[in-house]
Trainee: 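Sharing a structure here in structure tokens format.
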There are 4 protein chains.
Amino acid sequence: MEDAPPPAARRRKEARPQEVLEAALDTFVGRGFAATRMEDVARRAGVAKGTLYLYYASKEALFEAVVQAMLGTTIARLEGDLGESPLSAGDRLRAVAQGMAGIIGDPRRAALPKLVIANAGSFPGLARFYYREVVCRGLGLIGRILAHGVATGEFRAIDPTVHARLFVAPVLMGAVWQTTFAAVEETSVPPADLLHAHVELFLRGLAPGAADAPAGERS
Amino acid sequence: MEDAPPPAARRRKEARPQEVLEAALDTFVGRGFAATRMEDVARRAGVAKGTLYLYYASKEALFEAVVQAMLGTTIARLEGDLGESPLSAGDRLRAVAQGMAGIIGDPRRAALPKLVIANAGSFPGLARFYYREVVCRGLGLIGRILAHGVATGEFRAIDPTVHARLFVAPVLMGAVWQTTFAAVEETSVPPADLLHAHVELFLRGLAPGAADAPAGERS
Amino acid sequence: MEDAPPPAARRRKEARPQEVLEAALDTFVGRGFAATRMEDVARRAGVAKGTLYLYYASKEALFEAVVQAMLGTTIARLEGDLGESPLSAGDRLRAVAQGMAGIIGDPRRAALPKLVIANAGSFPGLARFYYREVVCRGLGLIGRILAHGVATGEFRAIDPTVHARLFVAPVLMGAVWQTTFAAVEETSVPPADLLHAHVELFLRGLAPGAADAPAGERS
Amino acid sequence: MEDAPPPAARRRKEARPQEVLEAALDTFVGRGFAATRMEDVARRAGVAKGTLYLYYASKEALFEAVVQAMLGTTIARLEGDLGESPLSAGDRLRAVAQGMAGIIGDPRRAALPKLVIANAGSFPGLARFYYREVVCRGLGLIGRILAHGVATGEFRAIDPTVHARLFVAPVLMGAVWQTTFAAVEETSVPPADLLHAHVELFLRGLAPGAADAPAGERS
DNA sequence: CATGAATGAGTGTTCATTCAT
DNA sequence: AATGAATGAACACTCATTCAT
């Protein structure tokens, strides 16, 4: 009556692709695409070299699968955080920041941007995909919040396209930074502090008020 | 006596290391460290493969030399912009931003951060060096300006260490972004606009004023 | 009692080895031994990869089984055509030629010589076997007919050993040729025409008559 | 004054491609294309594995170069034997046979047909090339001689296209045979004897005379 | 018996590095 | 100093073979 008794050996089998993916992510992140040997991935995944090729046709295919697998859930989360909330634009930005912090909090996911950045040159398709699916959607989401804030007068008149990038930059940079200099850094700043300071600074900077910058004249 | 005739043939020779360095930079930037073949560099530099090894002991040594050569002048410029100027903290930040913009404006130099980021994993020494010589010094410079502004009351009370990173992030991110998605990007924002918006936002956000963020309730 | 119900499911099973053999022959012929993958054979035979190993211990064993299976019936036919017929030597040669034509007419069998030739180097045992069982027996058969014809004065005095080879060569060559250049050939000659012309030429050449070749002076 | 003194080390260098070609031919002939490892070829040529790739882009390219190098001189010889001789058609055929015997006499060249036959399936381009450059030209040459003989009444009325193939078959077959069963054969016939018997048989068979075959009626 | 997922030895190819000229 | 032919270690990928189910 049981619907085929998956006896722990099969459970292993069905999880293989996922296990391989994770091992590959870790290795790619740790050593870069080129320096990663398929055998390393295999060993880390606990399988033989040839097994990798049962699931992924080539090293490049594996790499792309790794990135896309991560992106899938990342994008979903991002969009999920959007919603049609009744919050003020400022609070929605805070919420988005929280969301991004959550994503970046997972060290595996934090490594993605760097992975894409480092290898975009060799994987034009991947760069395009990432740009379209993550960059555009993320910037679009934030841009819409900013535009809304400007429309309601909650923010001063700024270009949402430009400031969306400014909003995202420190978060991404933080993730890249962390995975790059983690082993070297002496006086590190907790990501949470950085994020909080950023949001506050950003919102203050957007507040409507004195005609232009508080002091000095634009060069 | 015969110290004379180095009129173009020898000048060429003496400039060799520099030419090799530039060829190497271009190639590393264009294809990444791993995908760059020594032969590519040699051809681009107009020398034979073996000649490279007269100046640099290995591909890795060449890579490090490339980065360090760029850093040398970069750091010098950065420090130069420092000085003990009589300007307000805000204007000094503007000046620093100008300086960074100038550096990033050179496409060769703009590619450096990405190069370091992408290969820090394989070159721990380089990462350490870059962190100490560029990151620390850059952040220190900006941090001191911020601290001064806080001390004089020009800025509200913020942590200079944290906000120095916030100040730098969009600039670096811009440079990395550009070299990563340049070929893909549809709606790009001119770097100058981005930089200007950033500085204004940043300075507004630092202006002393209402106790905390202007709106919203959060810790 | 229950010896009954093998009505199609079991018949399939019992025919397995034969089906595998045929699939293997087709694949070996089509792609050569080395380029044939066991999986190709399995798919063509409609079984799983592992199943092949239930019947044949290795790829080489399968190859040898394929050749030997074909040879078995081939040899039998050849010998069958022999007999102690009351025909003249010439007509017996015609009959043998007919027999060979029939064999070569089956494209699967036509491919055999080429298969053996191409792989004799890697299968010394097979070469030996083929030589002994097919070459020797075939040549022997024809040689005996020739010797008989010489003895009866139907043919001029020739060396049966030598001329047996001359008799066989065009037939074999035709088979090999066809499977080699079939896809390329522009002006092909129908095998039947070739065979007929060959036999006539051969018999005319054997006719007793003027001391030596009809014209020309040579040793 | 000397025009660069090639000091025996350079002579070696310039002969490399040729040496590689010969080593490759021997190995391909001995083991077949697929079973030949580049390392075998390299060792036999006395160079390192990588050196092969300085001259030939891939194993396939090497194989094709081997065949074409042999063909070049083979074709030239064949055409050279043609000429506009004043000999009778029969004697010209004898001359051609001599030429082919000379070619086949070189064991390396004798191996070519088998090499092409065995691998034509995997190298369609090669098959096409060989067919056009060797088969067509060879058959054409012989066909023209036959046609001439028919026209002058030296031969009976036969189809030159068909009989050209019959003329060539035993020679080719002999070459293939030899390289295939050399190690196995017990009672071998000296190629020279075979060739001589073939030519005599062929010429006798072509002699004009009794209306049709000397005896028996065509089936 | 049958399966097909898993294995890992084997091979083509690349490329940093050396060294005779 | 400069060259570039030669080297050989390293690695992606294939596929015959095995074995748990």
Side-chain angles (χ1 to χ4, degrees), chain A residues 4-7 9-10 12-14 16-17 34-42 46-62, chain B residues 9-10 12-14 16 34-43 46-62, chain C residues 10 12-14 16 34-43 46-62, chain D residues 4-7 9-10 12-14 16-17 34-42 45-62:
Chain A
R10 174 178 296 273
R12 185 82 199 296
K13 199 146 55 179
E14 277 157 6
R16 274 290 157 76
T36 290
R37 291 176 310 157
M38 289 300 264
E39 195 165 357
D40 295 338
V41 176
V47 300
K49 220 188 331 173
T51 305
L52 301 181
Y53 290 88
L54 292 179
Y55 301 111
Y56 306 98
S58 69
K59 191 184 176 184
E60 305 211 345
L62 175 59
Chain B
R10 178 179 294 272
R12 182 81 201 297
K13 273 184 191 178
E14 278 158 4
R16 275 288 161 77
T36 291
R37 290 175 306 155
M38 289 300 265
E39 191 164 1
D40 296 338
V41 176
R43 193 166 16 244
V47 300
K49 231 186 318 177
T51 307
L52 299 181
Y53 288 86
L54 295 177
Y55 301 111
Y56 306 98
S58 69
K59 187 184 176 186
E60 311 211 340
L62 174 59
Chain C
R10 179 179 294 272
R12 183 80 201 298
K13 272 186 191 176
E14 277 158 5
R16 274 288 162 75
T36 291
R37 291 174 306 154
M38 289 300 264
E39 192 165 0
D40 296 338
V41 176
R43 194 168 14 245
V47 301
K49 232 187 315 177
T51 306
L52 300 181
Y53 289 86
L54 294 177
Y55 301 111
Y56 305 98
S58 69
K59 188 185 176 185
E60 312 211 339
L62 174 58
Chain D
R10 174 178 297 275
R12 183 81 199 297
K13 199 148 54 180
E14 276 158 7
R16 275 287 158 78
T36 291
R37 291 175 309 157
M38 289 300 266
E39 193 164 0
D40 295 338
V41 176
V47 300
K49 221 182 339 170
T51 305
L52 301 181
Y53 290 88
L54 292 179
Y55 302 110
Y56 306 98
S58 68
K59 190 183 176 186
E60 305 212 345
L62 175 59

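Below, chains carry the letters A, B, ... as their sequence lines are ordered, and counting in each starts from 1.
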Trainee: Ala42(D): what forms a side chain to side chain contact (heavy atoms under 4.5 Å, CB included) with it, not counting sequence neighbours?
Mentor: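 Here the qualifying residues are Val47(D), Leu52(D).
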Trainee: Does Ser58(C) or Ala35(A) map to a spot on DNA chain F nearer the 5' end, using the closest nucleotide for each?
Mentor: Ala35(A)
Trainee: Looking at Tyr56(A) and Pro17(A), what are the two nearest heavy atoms and their distance?
Mentor: OH-O, 3.3 Å
Trainee: Using whole Å, what does the distance between atom P of nucleotide dC19(E) and atom CG of Leu54(B) come to?
Mentor: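 Going from CG in Leu54(B) over to P in dC19(E) covers 13 Å.
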Trainee: Once Watson-Crick and G-U wobble pairs under 3.5 Å are found, how is DNA chain F written in dot-bracket notation, 5' to 3', with | for any base paired to another strand?
Mentor: .||||||||||||||||||||
Trainee: Output the single nucleotide from dA5(E), dC15(F), dT17(F) whose closest atom is nearest the side chain of Arg37(C).
Mentor: dC15(F)
Trainee: Specify the separation, in whole Å, of atom CG of Leu52(D) and atom P of dT14(E).
Mentor: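 Taking CG of Leu52(D) and P of dT14(E), I get 12 Å after rounding.
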Trainee: Quickly work out the Tyr55(B) OH to dT17(E) P distance and round it to whole Å.
Mentor: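 So the two atoms are 18 Å apart, to the nearest Å.
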Trainee: Would you kindly compare Ala48(C) and Ala34(B) by the position of their nearest DNA chain E nucleotide and give the one closer to the 5′ end?
Mentor: Ala48(C)
Trainee: Between dA2(E) and Tyr53(C), is there an OP1 or OP2 to side-chain N/O distance shorter than 4.0 Å?
Mentor: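 No, no such contact exists.
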Trainee: What is the distance, rounded to the nearest whole Å, between atom CD of Glu39(D) and atom C1' of dA9(E)?
Mentor: 14 Å
Trainee: Just the rounded figure in Å: distance from P of dA12(F) to CD of Glu60(A).
Mentor: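 Value for this atom pair: 11 Å.
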Trainee: Within the 4.5 Å heavy-atom criterion, are Leu62(C) and Met38(C) side-chain neighbours or not?
Mentor: yes
Trainee: On a plain distance test, is the side chain of Lys49(B) in donor-acceptor contact with the base of dT3(F) below 3.5 Å?
Mentor: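 No.
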Trainee: Has Arg16(D) got a side-chain N or O lying under 4.0 Å from the OP1 or OP2 atom of dA6(F)?
Mentor: yes
Trainee: Counting only side-chain heavy atoms from C-beta out, which of dT7(E), dA2(E), dT14(E) sits nearest to Val47(A)?
Mentor: dT7(E)
Trainee: In whole angstrom, what separates Lys59(A)'s NZ from dT14(F)'s C1'?
Mentor: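 About 17 Å, once rounded to whole Å.
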Trainee: Residues two or more places apart in sequence or in another chain: which of them pass side-chain hydrogen bond (donor to acceptor under 3.5 Å, both in side chains) with Arg37(B)?
Mentor: Asp40(B)
Trainee: Assign each of Ala57(A) and Gly50(D) to its nearest nucleotide of DNA chain F by heavy atoms, then name whichever residue's nucleotide is nearer the 5' end.
Mentor: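 Comparing both residues, the 5'-ward one is Gly50(D).
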Trainee: Can you tell me the distance, in whole Å, between the CZ atom of Arg43(C) and the P atom of dC15(F)?
Mentor: 12 Å
Trainee: Looking only at side-chain atoms of Met38(B), point me to the closest of dA16(E), dT13(E), dG4(E).
Mentor: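 The answer is dA16(E), which lies nearest to the side chain.
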